[in-house]
There are 2 protein chains.
Amino acid sequence: MITFATTKTPMFEFENKKTTCPDCKDKSCAAAILSREELEMINFNSHESVVKKGEIILHEGSLTSHIIYLKSGLAKEFVKPTPESEQILSIVKEHTYLGLSSLFGDRINHYSYSALEDVKVCYIDIAVFINLVRKNGNFAYEILVSVSRDSLNNFHRFINQLHKKIYGRVADGILYFSRIIYENTTFSLPMSRQEFADLIGVSRESATRVLIKFKDEGIINIKGHLIEINKVELLEQISRKG
Amino acid sequence: MITFATTKTPMFEFENKKTTCPDCKDKSCAAAILSREELEMINFNSHESVVKKGEIILHEGSLTSHIIYLKSGLAKEFVKPTPESEQILSIVKEHTYLGLSSLFGDRINHYSYSALEDVKVCYIDIAVFINLVRKNGNFAYEILVSVSRDSLNNFHRFINQLHKKIYGRVADGILYFSRIIYENTTFSLPMSRQEFADLIGVSRESATRVLIKFKDEGIINIKGHLIEINKVELLEQISRKG
DNA sequence: AATAAATTGTGATATATATCACATATTGTC
DNA sequence: GACAATATGTGATATATATCACAATTTATT
């Protein structure tokens with residue numbers, strides 16, 4: 001059996017865990033197929049924590065010491081191409097591992113993650129995690145499915161982004177929150193206009209202009225962060241056209 | 001042990017294999033750790049073929065029946081956002097599996113692949129491949145490493161593309177072929193100007209203008225498809241600046 | 001509740017690149 | 001080798017969006 005480098009101690013203190021891994025109701029699909037013994041092993045080598053809105057969960061460039069599981073809440077995955085600009089790659093929902101591709105890629109975190117609202121995370125020792133992958137092919141298969149689906153989803157969004165003009169991008173962004181994140185035509189945008197612009201790859205002023213135009217045209221209603229889609233089909237058409 | 005749906009018969013005839021899998025000198029890193037028995041099992045359930053330049057290896061939208069291994073040559077991975085436009089996502093070198101993320105994602109091919117020159121490919125039955133993943137955690141781990149690294153590499157290119165202007169994109173494109181594909185400052189671009197433009201996400205005329213400008217400024221030499229980089233540091237600076 | 005800081009929305013202007021048209025060069029087919 | 005088809009390079013023009021400046025609004029802090 002292969003073992004790995006010792007894990008690094010996180011810099012901040014953990015809250016005591018309220019639920020053990022075997023009894024956890026927020027397991028990932030992959031974890032759900034693990035045996036009780038395997039879950040106990042994870043339980044013994046992991047910690048749960050609450051991260052407050054706006055706080056960094058994982059830094060780009062840092063060494064992966066733990067695999068981080070987003071138990072509840074929303075986070076944003078982003079990079080800073082320059083010190084004063086930020087590009088948001090995707091929004092991460094609950095029941096998702098953060099940085100899997102970085103872990104298996106080269107052990108360095110390629111993206112940063114921060115909490116968009118107060119979130120619960122579990123830090124799982126990577127030696128234990130990797131050992132489970134190597135020993136349990138079915139578990140490895142489920143992790144492969146996760147990494148693959150994340151990759152496909154994010155690629156599709158990037159491909160769309162690359163060939164669409166600003167109206168299509170704004171429409172895509174709105175539909176992303178409606179369809180993928182909240183599964184509702186009414187939702188509260190969990191970020192500033194600047195962050196929304198960073199997600200869809202346009203300037204803040206341009207994003208605001210188009211949002212206001214969609215509002216003036218009755219396609220959506222806006223009240224601060226609250227967004228309500230009135231004309232779904234029209235928005236989808238704008239999304240398709242680009 | 002779990003087994004999967006029967007594989008579909010490929011539409012075209014295979015050439016007889018010249019080398020068995022255990023004796024193959026072009027194995028992937030993952031395949032290199034398989035036992036002789038496991039390699040014999042793959043050998044028994046796979047075929048080798050030559051695909052000519054310009055021919056499609058795998059169609060977007062098709063159902064995955066085989067995992068395809070690029071034994072030698074170059075291919076391009078692309079999508080067609082509209083019937084008359086094409087976006088090249090990446091260039092695939094030899095010793096790479098095609099469409100791994102689609103296989104593990106949802107069994108439908110999300111991208112198309114075509115040969116940029118005559119290539120050799122092996123078609124491996126996916127039931128056998130997936131069975132090996134489930135049974136051999138170390139093999140699964142290596143496949144995870146492959147999928148993760150592909151994902152990281154392609155994401156980085158997309159992130160760069162999204163925030164760079166045209167000069168940075170052309171510089172990136174040239175350096176991509178020099179550093180990643182050919183590992184040489186002199187190489188023959190294995191595609192038309194239109195395809196190069198499709199890879200970096202600009203119009204054909206704009207790509208040509210910048211290439212000619214780089215040539216006029218002595219940064220590169222161009223002779224048809226042949227490109228020679230004269231000022232690597234300057235090109236890298238342009239690449240960084242975007 | 002007052003105040004400071006940050007965010008948002010708007011107007012004006014600058015600029016980067018796409019698009020269009022077309023001549024020339026290169027490649028493929030017979 | 002001749003000819004057709006495709007690719008390339010260039011000039012002119014259109015257009016989309018970024019940038020800048022700043023007033024108004026909202027949020028955070030005390």
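Every chain is numbered from 1 and lettered A, B, ... according to where its sequence line falls, protein lines coming before strand lines. Keep in mind that the numbers below use all heavy atoms, side chains included, and drop hydrogens, waters and symmetry copies.
Using a cutoff of 4.0 Å between basic side-chain nitrogens and carboxylate oxygens, A:Glu117 and A:Lys76 are not scored as salt-bridged. A salt bridge does not link A:Glu94 with A:Lys71: every distance from a Lys NZ or Arg NE/NH1/NH2 to an Asp or Glu carboxylate oxygen is 4.0 Å or more. A salt bridge links B:Lys164 with B:Asp172; the closest basic N to acidic carboxylate O contact falls under 4.0 Å. A salt bridge links B:Lys80 with B:Glu86: the closest approach of a Lys/Arg side-chain nitrogen to an acidic carboxylate oxygen falls below 4.0 angstrom. Note on B:Glu217 versus B:Lys213: salt bridge recorded, some NZ/NE/NH1/NH2 to OD/OE distance being below 4.0 Å.
An angle of 70°, rounded to 10°, separates the two end axes of the helix from C:dA1-D:dT30 to C:dC30-D:dG1, each defined over five pairs.
When rounded to the nearest whole Å, the span between CD of A:Gln194 and P of C:dG9 equals 12 Å. One interatomic measurement links the two molecules: CD1 of A:Ile222 to C1' of C:dT10, which rounds to 15 Å at whole-angstrom precision. Spacing between atom CD of B:Glu195 and atom C1' of D:dT6 amounts to 12 Å, rounded to whole angstrom units. In this structure, NZ of A:Lys213 is placed 15 Å from C1' of C:dT10, rounded to the nearest angstrom. One interatomic measurement links the two molecules: CZ of B:Arg193 to P of C:dT26, which rounds to 11 Å at whole-angstrom precision. Atom pair B:Lys53:NZ and D:dT6:C1' shows a separation of 13 Å (rounding to whole Å applied). Between A:Met191 atom CE and C:dT8 atom P the separation is 11 Å, expressed in whole Å. Following rounding to the nearest Å, B:Ile212 (CD1) and D:dA7 (P) show an atom-to-atom distance of 17 Å.
A heavy atom lying under 4.0 Å from DNA chain C marks none of the residues of residues 77-87 of chain A.
No more than 12 heavy atoms of other residues, nucleotides or ligands sit less than 6.0 Å from atom NZ of A:Lys53.
Using modelled atom types, no side-chain atom of B:Arg193 and backbone atom of B:Arg204 make a donor-acceptor pair closer than 3.5 Å. In terms of modelled atom types and a separation under 3.5 Å, the side chain of B:Gln161 and the main chain of B:Ile200 share a donor-acceptor contact.
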Practice task
Sugar-phosphate means primed atoms, P, OP1 and OP2; the rest is base. With that split, encode nucleotides 17-26 of chain D 5' to 3' as B, S or - using protein heavy atoms under 4.0 Å.
Solution key: SSBBB-----
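Ring centroid separation for the pair B:Phe78 and B:Tyr113 does not come in under the 6.0 Å cut-off.
Between the side chains of B:Tyr123 and B:Ser49, no donor N or O sits under 3.5 Å from an acceptor N or O.
Summarising the geometry, atom CG belonging to B:Asp26 is positioned 11.5 Å from atom SG belonging to B:Cys21; distances are rounded to the nearest 0.5 Å.
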